[in-house]
Asker: 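Mind having a look at this structure? Questions to follow.
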Amino acid sequence: MPSITSTTPPCGNLPTHTDTTIYQFINCRLVRRGRIVKDDFWVRGGKILNPEPVFYVEKLQADVKVIPRIKKTPGGPGGASILGVHVEGPFISPAKKGAHPLQYLEGVEEGMSKVLDVYGSIDNIAKITIAPELPGAQEVIRHLSSRGIVVSVGESTISEFHHRDPGLVGLLTSRLISHPVHYGIISDGIHTHPAALRIAHRAHPQGIVLVTDAMAAMGLGDGVHQIGQMKVLVEGRKARLVDFDTLAGSVVTMDDCVRHFINGAGVSLVEAIDAATLHPARVMGIDHLKGTLEYGTDADFVLVLDKGPLKVLNTFIAGECVYSASDAPNLTFTQKSPSDI
Amino acid sequence: MCECVCVCVRLFVLARQLPARFTHRRICVRELLSASASLSYCCHIITTSKMRLVILEDSERVAEWAARYVIKRINDFQPGPDKYFVLGLPTGSTPEGTYKKLVQYHMAGKISFKYVKTFNMDEYVGIPRDHVQSYHTFMWESLFKHIDINPVNVHILNGNAEDLEQECLSYEKKIVEAGGIELFIGGIGPDGHIAFNEPGSSLVSRTRVKTLNQETITANARFFNNDISQVPKQALTVGVGTVMEAREVMVLITGSHKAYALHMAIEEGVNHMWTVSAFQQHKRTIMLCDEDATLELKVKTVKYFRSCIPTPPCDEFAETEFGPDGGVPVVL
């Protein structure tokens, strides 16, 4: 991993973030409830703030008014909070194993005891991908669901679509399922044909979740990389196993996926953003905290360039700027002076 | 124009009455004025003891004129940390246009509300402060969220106070403590009411709880899902007497449905059935209206007031640069 040293903090010199500092981002275009609205955006204590009671009840004004515009500064890396582990395998179909080595696949006839054997504790697992046609899988899926773990169906023979046997794809428009079905799509221009992307989206736009499937070689550039026990060849946007002609995850980033989704499937900006934010939050059952810009939710957000191809300028986690693109403009701001109090 | 003429006349009259020591050398204007310190004060009374009826083409021009007048008054006042400009504010669709213009001019750097205090006219009783139809929400969305006013200087009656009468009394007290209202902006109802001072309200009334009449409740139902049961039945409102105590009052009247009310307000007598008529007895009132609102006035009334329309405030604003998201100044 190339090391980046920078003495300038991200986002220029935005005043240090404290629990009580009120930030007001002026004149933003926000994705809110399926539309783009023009409004200011307030943050305090790592949460998105409702400014109306701050005005009328607390009688406070913003401490820092941020005007997202103009000037250059080097950026720095940051880290998002980790919600838990998504384990994909080993309970998957041999016929659909992809890059997973065959010798590590397992059956699940023995039920939950086998699952606990394999994973040890499932306390940190947030999501498990499993092939439902494996014997014993149904029982395991029921148990995992009851533990609050999201179960995802994948690497399964029923992924294939046939017009007399629609399989998983048929679930997308099922009237028998009461709660929304979500489906992950790797929108990198390689895993999914644009037509398939369009068809899936049109069949069930509310369920689409953009997935990068990015593995450790993401960001490392072209060449041969050792990922776990596999040798992976990265060429441009494609990552393949060296020994077999199979795709091995991807090296795409989420903003790439969003851009490709808009260009490839012709969806609107809001739909693409929701597919990368709101829908995955719903899958994990945390849309009351993340994936939206609603008041009281975590202030995890990105500032993107409004014109031209969507480009991430700054990333904020819990209200703190953790990343600026290397050519991102510096955020200009005004700060309330102590004499104003 | 009328104001300038009056001042010149008084100066001339005074010059002829000056003591002997002034007659033997050139008289400079400053000496003239210092010779009678009360001169400018008298002129102020004479030239502004008049109702001004300003008739503009349409409601957008009314909004523009009103916004520019507010800006002129605040900037001329030169408010500071020891000298706040106290503004009385209404709600409704006509003021909404004015607020939009004020916000645009604020964004263009023409006006700051840092040293402005506000008092709103009224608020419903019993609906939550953040209800979509509350006047708190209206003012937040239309004005306060876009400007630099300090929230401690913003006053709106609290319709959920435990003791509503006490709330009204303390509101009157706060107005006095703020130094009284410099400029009170208001609208007019089709029945000639100002704020919630509906027909029959005392013309010397103060801030109080008012039960809304059936006509008002029915008219408001469209904002409450057409469900009469959800419409507030009471409101807290400043009284006619409260507004009369402001140093200047500006009433915004637009639309033909307000025309009869305007007629009753300025062409007939002072009458508690048309409470806006009380302002005939105020020292300094502007009635700002569009053509449609004058439809019930006599031709001679309109001709008279057209002949002495004051110059548009802040004429230089016609060239204001608003930037990509702002509006465009309207030619007044």
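Reminder, nothing fancy here: chain letters follow the sequence lines and each chain counts from 1.
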Asker: Which pair of non-hydrogen atoms, one from B:P151 and one from A:K59, has the smallest distance, and what is that distance?
Answerer: CG-C, 3.4 Å
Asker: For B:E141, I'd like to know if atom CD has over 12 heavy atoms of other residues, nucleotides or ligands within 6.0 Å.
Answerer: yes
Asker: Heavy-atom cut-off 4.5 Å, strictly under: side chain, backbone, both or neither for A:V57 against chain B?
Answerer: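 Interface part for A:V57: side chain.
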Asker: With a 6.0 Å cut-off (strictly less than), is the heavy-atom count around CZ of A:R33, excluding the residue itself, greater than 12?
Answerer: no
Asker: Determine the minimum heavy-atom distance between A:D39 and B:K145, stating which atoms define it.
Answerer: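 That would be OD1-NZ, 3.1 Å.
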Asker: Are A:E52 and B:R129 close enough for a salt bridge, meaning some N to O gap below 4.0 Å?
Answerer: yes
Asker: Flag yes if more than 12 heavy atoms outside B:K100 fall under 6.0 Å of its NZ atom; otherwise flag no.
Answerer: no
Asker: As a quick check of understanding, evaluate side-chain contact (heavy atoms from CB on, under 4.5 Å) for A:Y56 and B:D130, giving each step before the final call.
Answerer: CA-CA 10 Å; A:Y56 281 129; B:D130 58 359; over 6 Å; no
Asker: Let me know if B:I156 has heavy atoms under 4.5 Å from chain A in its side chain, its backbone, both or neither.
Answerer: side chain
Asker: Quick check on B:E248: does its CD atom have over 12 non-hydrogen neighbours (other residues, nucleotides or ligands) under 6.0 Å away?
Answerer: yes
Asker: Can you measure from CZ (A:F55) to CE (B:M139) and round to the nearest 0.5 angstrom?
Answerer: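 So the CZ of A:F55 and the CE of B:M139 are separated by 9.0 Å.
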Asker: For B:Q166, does the CD atom have more than 12 heavy-atom neighbours from other residues, nucleotides or ligands under 6.0 Å away?
Answerer: yes
